Protein chains: 4
Amino acid sequence: MAQQARKRPNDVLRDSEWTKAQLLDAARLEFSEKGLSGARVNDIAARASVNKQMLYYYFGDKEGLYCAVLNHAYEGIRARENELDLAALAPVAAMERFIGFTFDYLTENRYFVALLNDENIHKARHILDSEHLQGLHERLQETIGDILTRGEREGVFRPNVDPIDLYISIASLCYFYYSNIHTLSAIFGRDLSDRSATHHRRQHVIDFVGAYLEK
Amino acid sequence: MAQQARKRPNDVLRDSEWTKAQLLDAARLEFSEKGLSGARVNDIAARASVNKQMLYYYFGDKEGLYCAVLNHAYEGIRARENELDLAALAPVAAMERFIGFTFDYLTENRYFVALLNDENIHKARHILDSEHLQGLHERLQETIGDILTRGEREGVFRPNVDPIDLYISIASLCYFYYSNIHTLSAIFGRDLSDRSATHHRRQHVIDFVGAYLEK
Amino acid sequence: MAQQARKRPNDVLRDSEWTKAQLLDAARLEFSEKGLSGARVNDIAARASVNKQMLYYYFGDKEGLYCAVLNHAYEGIRARENELDLAALAPVAAMERFIGFTFDYLTENRYFVALLNDENIHKARHILDSEHLQGLHERLQETIGDILTRGEREGVFRPNVDPIDLYISIASLCYFYYSNIHTLSAIFGRDLSDRSATHHRRQHVIDFVGAYLEK
Amino acid sequence: MAQQARKRPNDVLRDSEWTKAQLLDAARLEFSEKGLSGARVNDIAARASVNKQMLYYYFGDKEGLYCAVLNHAYEGIRARENELDLAALAPVAAMERFIGFTFDYLTENRYFVALLNDENIHKARHILDSEHLQGLHERLQETIGDILTRGEREGVFRPNVDPIDLYISIASLCYFYYSNIHTLSAIFGRDLSDRSATHHRRQHVIDFVGAYLEK
DNA sequence: AATGAATGAGTTTTCATTCAT
DNA sequence: TATGAATGAAAACTCATTCAT
C-alpha cells in the first residue's frame, strides 16, 4: 500500500511486477484525489517513477488502469475483513468488531471512499460484470448473516434482520461521514477530520447500530 | 427542476434571466452526470440551447457555474425542508416526517447526491467560505434540536442526543444508499433502483433511526 | 487548386468557408504526398495557415478530412469531364478528346493518382456507400456509352463494346503510367516524367485504344 | 509465398533463416495491407511469431525490412516470368502466354500490386539505385523485344513497337484493374473481385492488346 | 445580449527503437 | 540468437477560453 522504495530492487520482484505495482499505487492516489476524468496519466507515471508508456503496456489505457485500481481496492478491504475471524467471537462482540473495523479501515484508507465516490459518478461502469467482485461479496454476506443468526438464536439480536440491509446501514454510517466530510465540515463550520471528532463518530455508530440490533 | 420550456418566453425583457436559468439547469444535469472535470462546457451550452459565450458572460468560467449550481442545489433542499412545518408536529411524527422527506427528496433528486459526491472529491473547495450556506444550515440544526428537545421532555426520545450527530446519521442512511447505489447494485448483484427496493429501504431507515431514539 | 493568398480576404469568402477551403487544399497535398497514415495533421494545419483545431471543428478528425478530400477530388475530375461537350463531337473525335483529357488531367493533377492509390490501399473504405459518387459515375458511363453507340451506328467502332470495360482500359493506360511512374523509372532506368516521355505516352495511348475500337 | 509452418523446424542450425523468412513473410502481408507508414513493427513481429528485436537484428529497421520485402517481391515475379520459356513459342502464342501470366500472377498475388502502389507513394525511394533490380528488368525487355521482332518478321505483328511501351501498356491493363479494384467497385457499384468479373477482364485485356499488335 | 470563429495549451495515446540479460 | 522490459519523441485529439462583430 505504502509507496515503495524509489529505485526498483533487483531481487525481490521481477521488474515488471514492480512496475505494475508502482503504477497501481500511484494510480490509486491520483484517481482518489482527482477522479477518473480529473486524473492525469502524466502525473500517475511521474508518481510511479515509471515511463508513461508502461501504463499503456500493462493496463491498456487510463480506464483499464482505473478498473485495475478499483478491483485492487475492493480486494484489499475484503481481504482484511476476512482476517477478522468473526466466527470465533460471540455475536455482540463480533458485530462490534466488524463495525469498528469498517470505520477504522475507512479512517485509514480514505482513498477508498473517494474511489467509490467517483466510480458511482460513472454508474459503476468499471466494475460491472465483475464476477470476481460478486464472489468476494457473497462471502461478506455470509459472514454477517452468520453473526445475525447466532445473535438471534442467543436472544441478543432482534430477529429477521436482512444481512444486506444491515450491511448497507453500517456502511452508510461509516462511509458517509468520510465521503461527505468536506461538505459537512463546510456547512456546519466544524472540522470533522480531527481525531476527537472521528473518535466520537466511531462510538456513535457502534451505539446506533447496537440500539437497532438489541431492540 | 424540470427542463424548462424549449423556446424562450415572449416576455423579451427577461431574456437574460431565461438564459441564466437555462444554463443553471443544463449545468446541474451535466455536472451531476459527469462531475466537474468530466463535464464539458460545450455540452452544457448545447443542452441549454444557448451560445457558449453566454456561460462566460454570466458565470465567469466553468468553476463559477459549478459554484452557482452547488449553491442553488443546497438552497433547493433547505427551502423544501423549511416548508415541512415540523414545529407543528409531535416529536415522533416530526422526526418521521423529516426522515421521510430526506429520503424522498433524494429519491426524486438524484442529481443532488451526485453533485455532493463530486464536490467532496474536490474537498468542498467550491462551497468553502460560503457564509450564506452556513446560515442555511444553522436553521437546520435548530429545527432538529427543537424536535429532540421536545421529544426528550416528553419522554419519547433518549436524552442528550446531539442534533448534528443525529442529522449526519439520518443523512448517512438516506444518502449513502443513493450515492453508492451503482456499486452496491454491482457487488450484490441486485438492482437497488427499483421501486420496491427503495420503498423497503425507506422503511428500514425510519425503523433504524427510531430504534435509536426510542431506546 | 493553387494555394490561396496567405491572408484571408475579408470580402470574398466568409471566414469559415475560407478556412475549410484552405484545409481541403492543404490536406489534398499532404495526403497525396504521404498517404493517410503518413500525413500529419500538424503539417496540414501549418500548410493551411490555420489553427489545428479548426480541422477537427470542421471535419471531425483526420479521416473525416480524408473523406472530404477524396470526394472533392472525384468531383473535380468529373466536373471537368462534363465540360468537354463530347455529345457535340463525332464519335472518333469525341473518343480522342476523352482519352486526351483523361491523360492530360492526370498529367496536371498528379495528386489525384496518388490519392486514389492510397485509398485503394485502404480498400476504398472512405468512399464506400457514397451514393453521391455513384451518381457522378452513372453520368460518366452514359457519356461513354453514347459515344460508343453512335460510333457503332456509324460503322466506325466495333460493336458491343461495354462502356465500363472500355473506361477501365482507358483509365488503365493513362493512370498506371503515372501511378507507377517512379517504380517504372527506377526499374527501366529512364525518367518517365519528362515532357517528351509523357507526350510520347499520350500518343501511344490514343493509338492503342484507337486500334481496339476501329478493329 | 504461402504462410510457412507455424513451428520452427527441428533443424536447429537453420533457426536464423527461419526467423528471417518468417519476418519477410509477415512483413509482406503487413506492408501490402497497410503500407509502409500504416504498418506496425509490433504486428509484423507478432504475425511472424518472432521477437520484435529480431527484426532490428536482421533488417536494421522498419525501412530496411520494407526494402527487403520489395526486392523479394520483384524477384518473385521476374523469376516466374523466366520460367515461361516464351522463346520456344510462336510470337502470337508467346504474347498471349505473357499477358495471361501477367494477369494471373496479379490475380494470385494481390499483395504485389498493393506493395508497388505504396512504394510509388514514396516515389520509389526504396528501390532506387538497385542495380540488381535494373538487371532483372533488362532481361524482361529482351524477352519482349524478341517476341516483337519475331512477330514483325513473320508479319503477324505491326512493326516498330517499342518493348517498353508495350510492356507498360500490358502492365497497365492488368495491374490497374487490381490496383484500383476497390475504388472502381465502389464508384461503379459492382464487385470486380469475383471470379466471373476477373475472368471477363482477362479476356478483354488479351483482346485489347491483340487488336493493337495485329493491326 | 448574443453569435460563430478561432486559439493554444494540454491530454491521451502511439510507435519505432534500444537496453539489459 | 533471442527475450521481455523500457524509452522518448511525436502523433492525434480535446477543451476551456477569448476574439471580433
Side-chain angles (χ1 to χ4, degrees), chain A residues 8 10 14-20 37-45 50-65, chain B residues 8 12-20 36-45 50-65, chain C residues 8 10 14-20 37-45 50-65, chain D residues 8 12-20 36-45 50-65:
Chain A
R8 71 190 57 171
N10 276 324
R14 274 176 49 245
D15 284 359
S16 73
E17 292 305 315
W18 181 88
T19 301
K20 277 191 268 187
S37 38
R40 296 293 165 244
V41 293
N42 269 334
D43 295 350
I44 293 173
V50 146
N51 185 286
K52 183 173 34 163
Q53 161 62 3
M54 292 294 91
L55 189 160
Y56 293 92
Y57 188 71
Y58 290 117
F59 298 97
D61 60 9
K62 193 186 181 186
E63 284 199 68
L65 181 54
Chain B
R8 66 187 58 173
V12 206
L13 297 175
R14 293 181 132 283
D15 259 18
S16 77
E17 290 305 313
W18 180 88
T19 301
K20 275 195 272 187
L36 171 57
S37 39
R40 298 293 163 244
V41 292
N42 268 334
D43 294 351
I44 293 173
V50 147
N51 185 283
K52 189 173 30 167
Q53 172 63 9
M54 292 296 92
L55 188 158
Y56 292 92
Y57 188 75
Y58 288 117
F59 298 95
D61 60 10
K62 191 189 183 186
E63 285 199 70
L65 180 54
Chain C
R8 69 190 57 172
N10 277 325
R14 274 176 50 243
D15 284 359
S16 73
E17 292 305 314
W18 182 87
T19 301
K20 277 191 267 186
S37 38
R40 296 295 164 242
V41 293
N42 269 333
D43 295 351
I44 293 173
V50 147
N51 184 287
K52 183 174 34 163
Q53 162 61 3
M54 292 293 92
L55 188 159
Y56 293 94
Y57 188 72
Y58 289 118
F59 298 96
D61 60 9
K62 193 187 181 185
E63 284 199 69
L65 180 54
Chain D
R8 68 185 58 171
V12 205
L13 296 175
R14 289 179 134 287
D15 259 18
S16 77
E17 290 306 312
W18 181 88
T19 301
K20 274 195 271 187
L36 171 57
S37 38
R40 297 296 164 240
V41 292
N42 269 334
D43 294 352
I44 293 173
V50 146
N51 185 283
K52 189 172 32 164
Q53 171 64 10
M54 291 297 92
L55 189 159
Y56 292 92
Y57 187 77
Y58 287 117
F59 298 96
D61 60 10
K62 192 189 183 186
E63 284 199 70
L65 180 54

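What you see is a predicted model; the values in this text were computed from it and never measured. So that the names make sense, note that chain A is the first sequence line, chain B the second, and so on, each numbered from 1.
- Residues Gly38(D) and Tyr57(B) each lie close to DNA chain E; by heavy-atom proximity, the contact nearer the 5' end of the strand is made by Tyr57(B).
- We find the CD1-CG distance between Ile44(D) and Leu55(D) to be 6.0 Å, quoted to the nearest 0.5 Å.
- The side chain of Tyr58(D) has dA2(F) as its nearest neighbour among dA6(F), dA2(F), dA5(E).
- Between Val41(C) and Tyr56(C) the shortest side-chain heavy-atom distance falls below 4.5 Å.
- Between Ser16(A) and the phosphate of dG4(F), there is no side-chain N or O to OP1/OP2 separation shorter than 4.0 Å.
- Legend: residues meeting side chain to side chain donor-acceptor pair (under 3.5 Å) with Gln53(A), ordered by chain and number and at least two apart, are absent.
- The two residues Ser37(C) and Ser37(D) have their closest heavy-atom pair at OG-OG, 3.6 Å.
- Residues satisfying the salt bridge (charged side-chain N to carboxylate O under 4.0 Å, His left out) criterion with Lys52(A), sequence neighbours excluded, are absent altogether.
- Distance Asp15(B) CG to dT3(E) C1': 14 Å, rounded to the nearest Å.
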With the sugar-phosphate defined as primed atoms, P, OP1 and OP2, and the base as all remaining atoms, what B/S/- string results for nucleotides 8-13 of chain F, 5' to 3', for protein heavy atoms under 4.0 Å?
B-BSSB

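- Taking the screw axis at each terminus of the helix from dA2(E)-dT21(F) to dT21(E)-dA2(F) from five consecutive base pairs, the angle between the two is 20° to within rounding of 10 degrees.
- Atom P of nucleotide dA6(E) and atom CD of Glu17(C) are separated by 10 Å, given to the nearest angstrom.
- For the pair Lys62(B) (side chain) and Leu36(B) (backbone), a donor-acceptor distance under 3.5 Å is present.
- Taking atom CG of Asp43(B) as the reference point, atom P of dT17(F) lies 15 Å away to the nearest angstrom.
- Close to dT1(F), at under 4.0 Å from its OP1 or OP2, lies no side-chain N or O of Thr19(D).
- Under the rule for a side chain to side chain donor-acceptor pair (under 3.5 Å), Asp61(C) has no partner lying at least two apart in sequence or in another chain.
- As rounded to whole Å, 17 Å separates atom P of dA16(F) from atom CE of Met54(B).
- Look at CD1 on Ile44(D): it is 12 Å from P on dC15(E), rounded to the nearest Å.
- Under the side chain to side chain contact (heavy atoms under 4.5 Å, CB included) criterion, Tyr58(C) pairs with Ser16(C), Thr19(C), Lys20(C), Met54(C), not counting sequence neighbours.
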